[in-house]
Amino acid sequence: MSALRDESDEALMERYQKGEVRAFEVLIGRHRGPVYNFLYRYVNNQAQAEDLLQEVFLRVIKGSDAYQRNAKFTTWLYTIARNLCVDAARRQKHRRAASLDQPIDKSGEGDGANLGDVIPHGGAAVDRQVIGKELGGRIEQAIGQLVEEQREVFIMREILNMPFKEIAEVTKVPENTVKSRMRYALEKLREELAEYADLAEAVR
Amino acid sequence: MTRMECTQVDDLLMDYLYQELAPEQETEFRAHLDSCDRCAREVRELQGVREAVRELPVLEPPKALTAQLLHQAAAAKQPAFPWLRSLWELLQPRRTFYAVAAAASLVVVLFVGYAMQKGRFKLAFPAEERAVAEATTAAPATPTAPAAAAPARAAAPADEAKPAPGAKAALGGEALDRTANTLVETDGKLAAGK
């Protein structure tokens, strides 16, 4: 089993093509987490991300016979994932506008309380965990508010650590376009998080 | 060393931030930051955004999803009978999948045993062969055809069993043992001598 784990994605796909299901198991183990995080950060909906995750790998299974070893597996994988997200987002255009008003709140606590409520008057000790949670929610919301073409580049670069060249192949735009979209995304987030910047410094 | 201008630094900002600059370019880039507050601040602020984003939790998909996917992955490579495949397509955990696969294999083995009992495969004795051939060509698909072969095989060696349909499970194994060495390929379903 350790031998399989050392194999490249491309070699594992070749093995699966020949019927070795165990090789596909290693592939899923390796990529399910990152793909899920990509999907979740893209659509901001847990149930939908889970459905899409299934769909992504089902398409990999169905397309496994046609897969060419010289193609980078992750480029193919994330092209599938990204296309599914684009389709899903297109269908959900109306719902998306409404959901942006609500801060994405996984912890289930609070309804987006202001920092002013949290910090006692007089500037007493600031609770790091609370700031962290607030900041996290704010970041998630800000990412969700990026325009799609910036959001997808941002997620691939920051969450997946994908090189710009590969992002360009997945999104089918020039590398320079990818870099400027990334720049816009970072600057937009900086804007959104400006009020938290000082506090983040304070709790460091 | 050529001095980098702010515009150049601006163009290469993303490459620098994500460590995609060539070593010499990176040296020049840093040199510019050392002497330019504006660019240095831009880099620092965007780095700050990156650090904040890095604090986001890494999410774990539910384990059940993986089990279902493995099920599908295996099914896609299995040459299963259509009716068996739709059974397998029911969402099952992996344990159950292998149990069902084992049960299906057992059913196939028993069916083969039964079929051999009923004379679908050539037997070693010529007399039996002819009787079986006549019986099966008469009505090959119906269960009564093999039964019709039974009287013809009455003259066969006494140790040959005459199975009733209900007893096929019990006798299947027996028939397999006896005919294993004499089994000859008929309609290509089984190879000889195995």
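Chain letters run A, B, ... following the sequence lines, proteins first, then strands; residues in each count from 1.
- B:Tyr18 places no side-chain N or O within 3.5 Å of a backbone atom of A:Met162 that could act as its donor or acceptor partner.
- Proximity to chain A (any heavy atom under 4.5 Å) is restricted, for B:Glu20, to the side chain, taken from C-beta onward.
- Between atom CG of residue B:Leu69 and atom CD of residue A:Gln54 there is a gap of 4.0 Å, rounded to the nearest 0.5 Å.
- Between A:Leu135 and B:Ala52, the shortest heavy-atom contact is CD2-CB, 4.5 Å.
- Rounded to the nearest 0.5 Å, atoms CG (B:Leu17) and CD (A:Glu158) are 8.0 Å apart.
- Proximity to chain B is absent for every atom of A:Glu191, based on heavy atoms less than 4.5 angstrom apart.
- Around atom OH of A:Tyr184, no more than 12 heavy atoms belonging to other residues, nucleotides or ligands sit under 6.0 Å away.
- When each of A:Phe154, A:Tyr36, A:Phe24 is checked for heavy-atom pairs under 4.5 Å with chain B, A:Tyr36 comes out on top.
- For the pair B:Gln72 and A:Lys62, the minimum side-chain heavy-atom distance is 4.5 Å or more.
- If you measure heavy-atom distances from A:Ser64 to chain B, the contacts under 4.5 Å come from the side chain alone.
- Considering only residues two or more places apart in sequence or on other chains, A:Glu20 meets the salt bridge (charged side-chain N to carboxylate O under 4.0 Å, His left out) condition with A:Arg15.
- In this structure, CZ in A:Arg190 is found 5.0 Å from CG in B:Leu46, a value given to the nearest 0.5 Å.
- Once rounded to the nearest 0.5 Å, the distance linking CG of B:Leu56 with CD of A:Glu140 reads 5.5 Å.
- Across B:Arg54, B:Glu45, B:Glu60, B:Arg50, the residue that shares the most heavy-atom pairs under 4.5 angstrom with chain A is B:Arg50.
- For the atom pair CZ of A:Phe164 and CG of B:Asp15, the computed distance is 6.5 Å after rounding to the nearest 0.5 Å.
- No more than 12 heavy atoms of other residues, nucleotides or ligands shown are found within 6.0 angstrom of CD on B:Glu5.
- Ion pairing between A:Arg183 and B:Asp10 holds under the 4.0 Å rule for side-chain N and carboxylate O.
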Exercise for the section: Evaluate side-chain contact (heavy atoms from CB on, under 4.5 Å) for A:Leu186 paired with B:Met14, printing each intermediate quantity in order. Expected result: CA-CA 10 Å; A:Leu186 282 170; B:Met14 290 299 106; 3.8 Å; yes
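- For the atom pair A:Leu53 CG and B:Thr66 OG1, the distance stands at 7.5 Å (nearest 0.5 Å).
- Residues A:Asn37 and B:Pro57 come closest through the heavy atom pair OD1-O, 4.2 Å.
- With a 4.5 Å cut-off on side-chain heavy atoms, B:Pro61 and A:Glu50 do not count as touching.
- Looking at A:Pro34, neither its backbone nor its side chain comes within 4.5 Å of chain B, counting heavy atoms on both sides.
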Exercise for the section: Kindly indicate, with the supporting measurements, whether the criterion salt bridge (Lys or Arg N to Asp or Glu O under 4.0 Å) is fulfilled by B:Lys77 and A:Asp65. Expected result: CA-CA 10 Å; B:Lys77 296 297 175 194; A:Asp65 287 338; 3.3 Å; yes
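- Contacts of A:Ile143 with chain B are made by side-chain atoms alone, with heavy-atom separations under 4.5 Å and no backbone atom involved.
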